[in-house]
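Keep in mind that what you see is a predicted model, and the values were worked out from it rather than measured.
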Amino acid sequence: MHFSRLFSQTLRETPSEAEVVSHQLLVRAGFIRQLGAGIFSYLPLAYRVINKIMTIMREEMNALDGQEILMPVVQPADIWKETGRFYQIGSEMGRFTDKNGHDMVLAMTHEEVVADLVRGTIRSYRQLPALIYHLQTKWRDDPRPRAGLIRVREFIMLDSYSLDADWAGLDRQYSAHYEAYFRIFKRCGLSTVAVRSDTGMMGGKEAHEYMYLTPIGEDSLLFCDACGYSANRQVASMHKPLPEQEDSLPLEMVATPGASSIEELAAFLDVPAAKTAKAVFFMGHFSAENGGHEALIFAVVRGDMEVNETKVANLMKAGDLRPATDEEIRASGAVPGYASPVGLKGVKVVVDDLVPRSPNMVAGANLAGYHLRNVNYGRDFSADLVADISAVRDGDGCPQCGAPLRLARGVEVGNIFKLGTRYSDALHCNFLDENGNNQPVIMGSYGIGVGRLLACVAEEHNDDRGLVWPAAIAPYPVHMVVLPGREMDTGVIAASVEAALTAAGLEPLVDDREESAGVKFNDADLIGLPMRLTISERAFKQGGVEMKLRASAESHVIPLDQVVTAVRSTIDLLSQV
RNA sequence: CGGGGUGUAGCGCAGUUGGCAGCGCACCGCGUUUGGGACGCGGGGGUCGGCGGUUCAAGUCCGCCCACCCCGACCA
């Protein structure tokens, strides 16, 4: 490819809307252009990277005996109504009606279509196990797209779906994906960690997320450096030291004027926050199968802890959780700022498992300006549910070994789910087992955001001059900078080098523009191909062409008749993982 | 959805009290230059986000709307 023909444009100045470095560089280097919020076009440079990433994905999926298919982006809403997700999922789903007035859906993911395929295809245990995958566009109307390609609304995803006759089969395919996904990321030059995660809208049993650790990430993760425990904060648990046990003291009411927060209360009564109970109210939205209504949820944690909303939502089987308004709290009989579960009727109460073990706590009196001392679980109140609903913080104890957990930020580049029979049950994907009995197909689903992966690689591999692509996914292996000579025609040498490299399967990007050397070198650094070959009179007089790696400052001259061999061996070396 | 910000040429920006719509980069032509973002001369490019209002006159003042960015809520 000749640079003068490349459909692209490098920019000297960073567009003001780009904040994270991957976004800035991908736009400046002419890889992507934004069309709308979270909607991007991939120009040739980016699409070549995308294709190389997708090739790696296909190789790894095929190695698991996966078979590539292609499922539709536009889908009739009927199958989404069958699984209930048409109603569960909110504004994030793209919906419209076709000319006949039928509800249609833009694919956010493809479990429903897979299940529809399976019920029309799989009849016998002899057809299982199976693995199908595709690389297809998804539309998720994210409330807040940001950070360039990191968080978008339209994106290409690798998603694969495992189909098994039994749970052991699912475990095998899940493990195979667990390893294959690490290989994909590694081959793309991105190091990731897998953490336990929430199953969210997918439902199902077990899930892991693959996280690229970076301060710009929006997910909070907890790691134990002692034993290796790792989890997304949404599901992370902790070791909770048992509070000192004391005899129950008589309940007493104390005036606490103006002390409506834990800090004020603890200061006013001169007790540690750990001796108080914190009341948090949510309105939970319950889907049709669970009643189809909103209901108040009263969560209680110890005063020195925070509520983990994901845990509460999962426990209560609420599809959605939002903070309750003061009016909604009052309607339950509780008093905002002075609320407690003592004496409340008709409200769903969920209590953190540390609270029943904490004696003589301070809790609200449900009376403005008053609290209760010496509240004891069991004697003074009880809950509908006692479970772990605390949010883990940096430094809290590891649930496995007790060592302090470390909090880090990350971007989720992939995830794997054990779906089980949720979709097979809903869409009646049954097969006949060896004994002639109907059984639901057991499914898993696995996904990687291709553009997000590209963006994370760009985020990780750059310097102050521009991008530094890993050789395995670089748009071209070689950037040829051709500089005109005074006494000789360097274009002739460039043409022969280009032809030789192309014939060897090492297609170069040839900067044939009439630009100054500085412009060409700077653009080469900005675009970040792994190797630069400079064809110039100076290099020719030194015996050939100059070779320099993007990731290194050193360069040396290669004789013309050895260029192909040298480029190949170097690129091969760089491509190894 | 709430809070904040920004919309003027492809990109970055200026535009005073309301009075001819500009600068740098990029782009086109000619010439000089040629190993780290060269120089001279000459050019092309605008629904000043949109609609409405005030005014002799609106990029500028007023109202409504839209888009994009950031923070939060939310989210795989």
Would you say a side-chain N or O of [X] is under 4.0 Å from OP1 or OP2 of [N]?
X: A/R12; N: B/A26; result: yes
X: A/R486; N: B/U34; result: yes
X: A/S516; N: B/A38; result: yes
X: A/R140; N: B/A76; result: no
X: A/Q9; N: B/C27; result: no

Any pair counted as side chain to side chain donor-acceptor pair (under 3.5 Å), so long as it reaches residues 549-558 of chain A, sequence neighbours left out
A/D463-A/R550
Scan for side chain to side chain donor-acceptor pair (under 3.5 Å) pairs involving residues 151-161 of chain A, sequence neighbours excluded, and state none if there are none.
A/H134-A/D159, A/K138-A/D159, A/D141-A/R153, A/D142-A/R151, A/R151-A/E218, A/D159-A/Y161, A/S160-A/H177
Sugar-phosphate only, base, or nothing, as touched by [X] at under 4.0 Å among non-hydrogen atoms:
X: A/Q542; answer: nothing
X: A/Y446; answer: nothing
X: A/R146; answer: sugar-phosphate
X: A/E546; answer: base
X: A/A147; answer: sugar-phosphate
X: A/A18; answer: nothing

Nearest nucleotide by nearest heavy atom, which residue falls closer to the 5' end of RNA chain B, A/V519 or A/E515?
A/E515
Hey, what are the protein-to-nucleotides 9-15 of chain B N/O distances that come in under 3.5 Å?
| unit_1 | atom_1 | unit_2 | atom_2 | d |
| --- | --- | --- | --- | --- |
| B/C11 | O2' | A/E13 | O | 3.4 |
| B/G12 | OP1 | A/S16 | N | 2.8 |
| B/G12 | OP1 | A/S16 | OG | 3.3 |
| B/G12 | O2' | A/E13 | OE1 | 3.0 |
| B/C13 | OP2 | A/S16 | OG | 3.4 |

When the distance from [atom1] of [X] to [atom2] of [N] is rounded to whole Å, what number comes out?
X: A/N232; N: B/C75; atom1: CG; atom2: P; result: 13 Å
X: A/E514; N: B/U32; atom1: CD; atom2: C1'; result: 13 Å
X: A/R513; N: B/A26; atom1: CZ; atom2: P; result: 11 Å

Mark yes or no for a side-chain to base donor-acceptor pair under 3.5 Å between A/R532 and B/G36, with no hydrogen or angle criteria applied.
yes
Looking at A/R28 and B/G37, is any side-chain donor or acceptor paired with a base atom of the opposite kind under 3.5 Å?
yes
Which donor-acceptor pairs under 3.5 Å do side chains of residues 484-491 of chain A form with protein atoms, sequence neighbours excluded?
| unit_1 | atom_1 | unit_2 | atom_2 | d |
| --- | --- | --- | --- | --- |
| A/D489 | OD1 | A/G491 | N | 2.9 |
| A/T490 | OG1 | A/L483 | O | 2.8 |

Under 3.5 Å, is there a donor-acceptor pair linking the side chains of A/S22 and A/E459?
yes
Which residues pass the side-chain contact (heavy atoms from CB on, under 4.5 Å) test with A/A176, sequence neighbours left out?
A/L64
Taking side chain as C-beta onward, heavy atoms only, is A/T534 less than 4.5 Å from A/K520?
no
Side chain of A/R144 only, please: which of B/G36, B/C71, B/C68 is the nearest?
B/C71
Output the single nucleotide from B/G36, B/A76, B/A73 whose closest atom is nearest the side chain of A/P143.
B/A73
Check side-chain hydrogen bond (donor to acceptor under 3.5 Å, both in side chains) between [X] and all other residues, then give those that pass, not counting sequence neighbours.
X: A/D394; value: none
X: A/T192; value: none
X: A/D512; value: A/H2, A/S4
X: A/K311; value: A/D388

Side chains of residues 10-19 of chain A: which donor-acceptor pairs under 3.5 Å do they make with residues two or more places apart or in other chains?
| unit_1 | atom_1 | unit_2 | atom_2 | d |
| --- | --- | --- | --- | --- |
| A/T10 | OG1 | A/D523 | OD1 | 3.2 |
| A/T10 | OG1 | A/D523 | OD2 | 3.4 |

Short heteroatom pairs, N/O only, protein and nucleotides 43-45 of chain B, under 3.5 Å:
none

Which string of ( ) [ ] | and . matches RNA chain B, if you list each base 5' to 3' and count Watson-Crick or G-U pairs only when both distances are under 3.5 Å?
(((((((..((((.....[..)))).((((((.....)))))).....(((((..]....))))))))))))....
Partner of A/M480 under side chain to side chain contact (heavy atoms under 4.5 Å, CB included), picked from A/D511, A/V497, A/L529, A/L509, is A/V497
Starting at OH of A/Y181, measure out to OH of A/Y446 and round the result to the nearest 0.5 Å.
8.5 Å
